[in-house]
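The structure appears right after this line, and notes come after that.
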Amino acid sequence: MKKVLTIAGSDSSGGAGIQADLKAFSAHGVFGMSVITAVTAQNTQGVFAVQDIDVAVIDKQIEAIFDDITVDAVKIGMVSRTETIKAIANGLKKYNAQNIVVDPVMISKSGYYLLQPEAVEALISYLLPLASVVTPNIPEAEEISGLKIHSLKDMEEAAKFIHQLGPKYVLLKGGHREDDATDILFDGESYQHLSTPRIATQNTHGTGCTLSAAIAANLARGYSAQEAVSKGKEYIHTAIEHSFAIGKGVGPVHHFYNLYKGAGMLNDE
Ligand SMILES: Nc1ncnc2c1ncn2[C@@H]1O[C@H](COP(=O)(O)OP(=O)(O)O)[C@@H](O)[C@H]1O
Ligand SMILES: Cc1ncc(COP(=O)(O)OP(=O)(O)O)c(N)n1
């Protein structure tokens, strides 16, 4: 079985972060492992507190995994602060980790800073060069590139800028636009537009986490970056289609729809 590691923050409500990643890994039939960078107190309505994990404990989690187990792919999500970013970069370089997907998580949909603003530079210089695929949303791409994004053409320009910072592929996600959900994949030479109709739902908690985890799982399963991204896009679309309302705010996407369907466990059809 392929083994995939998520390095990210914990979301107490289970919709995003480590919890979303592990659910996505299971639904892809890969074995999920975790390095927890921070513990958040959050629910469908917002983020209320963050406790960063001591850097020495982050080092130890990375060491414990890589000293013992072969890691087929790594997804990096919420990294919170500069010390954490440096520890992750050092650890991944030491063990020559491959198939790294970086989701440059900055601000939650509810507006909470999950990356300290002064750590953006460290994320750019330490993590982007290690990435096979980096998956910024539009506000993150604007922050990294310094460009304003209003159109698909602007997305292409920003993807090009981010590509020269070191990642092999840039997937600029269009979830924050108002028309179709069009993401743009750039490999340094050509742009591929991946487009699906926009689903009318407010339950999109954890979409970015889920997509990047699905891409990492697909890389571990041996798909090329283009295939891994295109399969990831199909997965997130289905997961949003079957998202549901829990709590009083933005509900989570549904990871197990395809799995249940395959196993004949759905009674809603
Ligand atoms: N309402 C929606 N309908 C269909 N796809 C969506 C919708 N919202 C987001 N997506 C897709 O979900 C993925 C995550 O996008 P986005 O919301 O931009 O990321 P993030 O969660 O990091 O802000 C992208 O593939 C995007 O196109
Ligand atoms: C612990 C943690 N990590 C990441 C996020 C961000 O999740 P994302 O899927 O990018 O989007 P939102 O769910 O915040 O809209 C998070 N909230 N918590």
Side-chain angles (χ1 to χ4, degrees), residues 6-24 34-53 75-80 84 101-115 133-144 149 152 155 158 171-185 192-215 228-243 246-247 249-253 255:
T6 169
I7 304 179
S10 162
D11 167 5
S12 48
S13 69
I18 288 278
Q19 288 81 355
D21 297 343
L22 292 176
K23 290 171 193 178
S34 63
V35 166
I36 300 185
T37 56
V39 174
T40 72
Q42 69 175 291
N43 59 25
T44 63
Q45 296 178 288
V47 179
F48 307 103
V50 172
Q51 173 71 64
D52 288 312
I53 300 298
K75 173 247 157 96
I76 303 175
M78 175 187 176
V79 288
S80 198
T84 300
V101 180
V102 176
D103 183 10
V105 173
M106 292 186 187
I107 302 180
S108 71
K109 281 201 183 74
S110 54
Y112 196 99
Y113 280 83
L114 300 173
L115 178 71
V133 186
V134 62
T135 63
N137 63 23
I138 286 177
E140 290 157 356
E142 288 185 329
E143 183 65 38
I144 294 169
I149 299 175
L152 294 175
M155 285 175 71
L171 179 70
L172 208 165
K173 300 173 296 193
H176 292 241
R177 279 164 51 85
E178 278 176 6
D179 46 11
D180 280 355
T182 302
D183 304 344
I184 295 183
L185 182 66
Q192 189 184 341
H193 287 216
L194 298 110
S195 201
T196 59
R198 176 164 298 278
I199 299 161
T201 176
Q202 71 153 359
N203 299 320
T204 56
H205 182 47
T207 48
C209 300
T210 297
L211 174 60
S212 52
I215 294 170
V229 166
S230 140
K231 284 181 170 294
K233 176 75 174 159
E234 275 171 38
Y235 182 83
I236 188 61
H237 189 78
T238 314
I240 298 172
E241 270 178 340
H242 298 278
S243 63
I246 55 165
V250 178
V253 303
H255 293 266

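All ligand and atom numbering here is 1-based and tracks the order in the structure. Numbers here are sequence positions counted from 1. Predicted, not measured: the structure shown is a model, and the values here were computed from it.
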Problem set entry | Gln45 atom CD, neighbour heavy-atom count above 12 within 6.0 Å |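 Yes, the 6.0 Å shell around CD holds more than 12 heavy atoms from other groups.
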
What are the atoms of ligand 2, with element, lying closer than 4.0 Å to any heavy atom of [X]?
| X | value |
| --- | --- |
| His205 | 12 (P), 13 (O), 17 (N) |
| Gly17 | 1 (C), 2 (C), 3 (N) |
| Ser10 | 1 (C) |

Checking a contact table here: which protein heavy atom is nearest [atom], and how many Å away?
| atom | answer |
| --- | --- |
| atom 20 (P) of ligand 1 | Asn137 ND2, 3.7 Å |
| atom 13 (C) of ligand 1 | Leu211 CD2, 4.0 Å |
| atom 15 (O) of ligand 2 | Lys109 CG, 2.4 Å |
| atom 5 (N) of ligand 1 | Ala181 CB, 3.3 Å |
| atom 23 (O) of ligand 1 | His176 NE2, 2.7 Å |
| atom 16 (P) of ligand 1 | Gly175 CA, 3.8 Å |
| atom 17 (N) of ligand 2 | Gln42 OE1, 3.3 Å |
| atom 1 (C) of ligand 2 | Gly9 O, 3.4 Å |
| atom 22 (O) of ligand 1 | Lys173 NZ, 2.8 Å |

Quick check: does [X] get an N/O under 3.5 Å from an N/O on ligand 1?
| X | answer |
| --- | --- |
| Asp103 | no |
| Asp183 | yes |
| Thr196 | no |
| Thr207 | yes |
| Glu140 | no |
| Thr204 | no |
| Ile199 | yes |

Tell me which part of [X] gets within contact of ligand 2: side chain, backbone, both or neither, using heavy atoms under 4.0 Å.
| X | answer |
| --- | --- |
| Asn137 | neither |
| Cys209 | both |
| Ser110 | neither |

For ligand 2, which is the ligand I care about here, please tell me if [X] has any N or O atom under 3.5 Å from one of the ligand's N or O atoms.
| X | result |
| --- | --- |
| Val105 | no |
| Asp103 | no |
| Ala16 | no |
| Asp11 | no |
| Ile107 | no |

For this session: Step by step, work out the side chain to side chain contact (heavy atoms under 4.5 Å, CB included) result for Thr182 and Arg177.
Result: CA-CA 8 Å; Thr182 302; Arg177 279 164 51 85; 5.5 Å; no

For this session: Please could you name the atoms of ligand 1 that Lys233 approaches to less than 4.0 Å, counting only its heavy atoms?
Result: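 Near Lys233, meaning under 4.0 Å from one of its heavy atoms, ligand 1 has 25 (O), 26 (C), 27 (O).
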
Exercise. For ligand 1, is any non-hydrogen atom under 4.0 Å from Ile240's backbone (N, CA, C, O), its side chain (CB onward), both, or neither?
Worked result: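 The answer is the side chain.
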
Under 3.5 Å, side chain of [X] to main-chain N/O of [Y], donor-acceptor pair present?
| X | Y | answer |
| --- | --- | --- |
| Glu142 | Ile149 | yes |
| Asp180 | Pro197 | no |
| Thr40 | Ser10 | yes |
| Lys109 | Thr204 | yes |

Problem set entry | Lys109 heavy atom under 4.0 Å from ligand 1 |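 Heavy atoms of Lys109 do come under 4.0 Å of ligand 1.
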
Problem set entry | 4.0 Å heavy-atom contact, Pro197 with ligand 1 |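 Distance cut 4.0 Å: Pro197 passes for ligand 1.
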
Problem set entry | Any Gly77 heavy atom less than 4.0 Å to ligand 2 |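 Gly77 does not count as a contact of ligand 2 under the 4.0 Å cut-off.
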
Exercise. Do Cys209 and Lys75 have side chains that get closer than 4.5 Å, going by heavy atoms?
Worked result: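 Cys209 reaches Lys75 side chain to side chain.
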
For this session: Give the C-alpha distance, both sets of side-chain angles, the deciding distance and a yes or no for side chain to side chain donor-acceptor pair (under 3.5 Å) between Ser243 and Asn203.
Result: CA-CA 6 Å; Ser243 63; Asn203 299 320; 4.5 Å; no

